[in-house]
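Below: one structure, written as structure tokens.
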Amino acid sequence: MKNIDERYEKRGKQSVLCVLFLFGMLVSALSLGGMRLYALYIEHRLADCSQKIEAIGDKYAMLEEYYASLLSPSRIYNYAKSELNMVTASEVETIRLMSESYRGRGAANSPSGSSGAVSAPGELSRALVGTANAKD
């Protein structure tokens, strides 16, 4: 009878190992299935994000084109002419103010000797405009 008991004990150890092996395979299969589902979810989110990036890129390109059209010189000219009622200048004049050294020589070399007429525009402009300063 001892031989029969020993045989049953051996079978019991093998069946426990077989059950543990099957349980391990089941856990591995469930883990693999879960990882595949998670990878599918991540892939879906990545595709969604790439679609959003493409849509924003298209919108950016459209806005950049619109901005460039707003800054075109012909559009600015037409807007100024129609909306602001601006017209092109017909009589353009350039005013030149003489410098200090030129005024001093001009007064001494003038045939009429009127130094007040030569230096008056410079003094008048300096009083009205003031001195330019880079900090202002």
Inset, instruction - Give the other cluster members for L32, using side-chain heavy-atom distances under 4.5 Å between Ile, Leu, Val, Met, Phe, Trp and Tyr residues; answer none if it is isolated. - result: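 Besides L32, the cluster holds no residue at all.
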
Legend entry - Exam field: side chain D48 to backbone H44, donor-acceptor pair closer than 3.5 Å: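 Not a single qualifying donor-acceptor pair exists.
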
Inset, instruction - Would you kindly confirm whether M86 and Y79 end up in one hydrophobic cluster when ILVMFWY residues are joined by side chain heavy atoms under 4.5 Å apart? - result: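 Same hydrophobic cluster.
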
Distance-only donor-acceptor pairs under 3.5 Å for side chains of residues 49-73, two or more places apart:
residue : atom : partner : partner atom : Å
S50     : OG   : L46     : O            : 3.3
S50     : OG   : A47     : O            : 2.8
S69     : OG   : Y66     : O            : 2.7
S72     : OG   : S69     : O            : 3.1
S72     : OG   : R75     : N            : 3.4

Inset, instruction - I would like to know whether T88 and Y77 meet side-chain contact (heavy atoms from CB on, under 4.5 Å); could you show each step before the answer? - result: CA-CA 10 Å; T88 55; Y77 176 78; 4.0 Å; yes

Legend entry - Contact summary for A89 and V92, nearest pair of heavy atoms: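 That would be CB-CG2, 3.9 Å.
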
